Amino acid sequence: MSEVGGLKGFFQRAGKSLSEAKVVAKDWSWWLAGYGAKAGIFLASTSMVVLMPLIFEINREVMTIDSERTMVKELRNQGHSDRQLQEMGYLELSLHTPAVAKGSS
């Protein structure tokens, strides 16, 4: 079959080229979707393994500090000084509120 010239030949070649481009784009999009799904599953599982225990530990630490602050408050009401409370092993964070947490007065 001979090549058709002119405008008709241009459109035939353009159609063939676009058809081939469609196949290549479809193959690449499937590859990219598969790779993206693998990356998404990897990130989600890594987040669950690493970040969830960290979040639980932070919550547990906050609850521990709150309970220590309650005990420190009760011991202060009984007349214990900060030095005695430190010798008992209470955290500095439980004894004094950090400066950044205090309101600006």
Side-chain angles (χ1 to χ4, degrees):
M1 180 170 153
S2 66
E3 288 285 322
V4 178
L7 197 56
K8 182 178 180 184
F10 170 75
F11 283 121
Q12 285 178 345
R13 288 188 304 274
K16 183 180 177 187
S17 176
L18 288 174
S19 177
E20 291 172 2
K22 181 181 89 170
V23 170
V24 170
K26 183 179 177 183
D27 290 342
W28 274 96
S29 63
W30 277 110
W31 176 83
L32 187 61
Y35 185 76
K38 288 177 186 176
I41 289 172
F42 174 76
L43 288 174
S45 62
T46 301
S47 297
M48 286 189 292
V49 168
V50 173
L51 295 178
M52 292 305 290
L54 178 63
I55 291 169
F56 293 143
E57 186 61 31
I58 290 171
N59 284 336
R60 192 176 85 173
E61 184 72 20
V62 168
M63 289 189 310
T64 302
I65 290 172
D66 286 341
S67 67
E68 267 196 21
R69 283 184 178 159
T70 303
M71 287 187 270
V72 164
K73 189 175 182 181
E74 291 175 9
L75 290 171
R76 279 189 179 142
N77 288 339
Q78 294 174 6
H80 289 66
S81 68
D82 283 351
R83 182 171 174 87
Q84 290 172 325
L85 294 173
Q86 283 178 339
E87 289 173 358
M88 288 180 188
Y90 287 101
L91 296 173
E92 183 70 25
L93 189 61
S94 299
L95 299 174
H96 305 288
T97 304
V100 292
K102 293 179 183 177
S104 58
S105 303

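Small disclaimer: the values here were computed from a predicted structure and weren't measured.
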If the condition is side chain to side chain contact (heavy atoms under 4.5 Å, CB included), which residues does [X] pass it with, not counting sequence neighbours?
{"X": "M88", "value": "L75, H80, L85, Y90"}
{"X": "R69", "value": "I65, D66, L93, S94, P98"}
{"X": "E74", "value": "T70"}
{"X": "S81", "value": "R83, Q84"}

> Residues two or more places apart in sequence or in another chain: which of them pass ring-ring contact (aromatic ring centres under 6.0 Å, His included) with F42?
Replying inline: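 F42: no ring-ring contact (aromatic ring centres under 6.0 Å, His included) contacts found.
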
> W28: what forms a ring-ring contact (aromatic ring centres under 6.0 Å, His included) with it, not counting sequence neighbours?
Replying inline: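 By the ring-ring contact (aromatic ring centres under 6.0 Å, His included) rule, W28 matches W31.
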
> According to the salt bridge (Lys or Arg N to Asp or Glu O under 4.0 Å) rule, which pairs have a member within residues 27-44, sequence neighbours left out?
Replying inline: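 Every pair satisfying salt bridge (Lys or Arg N to Asp or Glu O under 4.0 Å) with a residue in residues 27-44: there are none.
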
>> Applying side chain to side chain donor-acceptor pair (under 3.5 Å), can you list everything that pairs with R76, at least two apart in sequence or on another chain?
In response: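 For R76 the side chain to side chain donor-acceptor pair (under 3.5 Å) partners, ignoring immediate neighbours, are D82.
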
> With Q86, which residues qualify under side chain to side chain donor-acceptor pair (under 3.5 Å), at least two apart?
Replying inline: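 Partners of Q86 under the side chain to side chain donor-acceptor pair (under 3.5 Å) test: E92.
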
Atom pairs and distances, side-chain donor-acceptor, residues 17-24, under 3.5 Å, sequence neighbours left out:
none

>> I need the full list of side-chain hydrogen bond (donor to acceptor under 3.5 Å, both in side chains) pairs touching residues 45-63, with sequence neighbours left out, sorted by first then second residue.
In response: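 Checked against side-chain hydrogen bond (donor to acceptor under 3.5 Å, both in side chains) - neighbours excluded - the pairs reaching residues 45-63 are E57-R60.
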
> Cluster partners of F11, using ILVMFWY side-chain heavy atoms under 4.5 angstrom, listed by chain and number?
Replying inline: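 Besides F11, the cluster holds L7, F10.
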
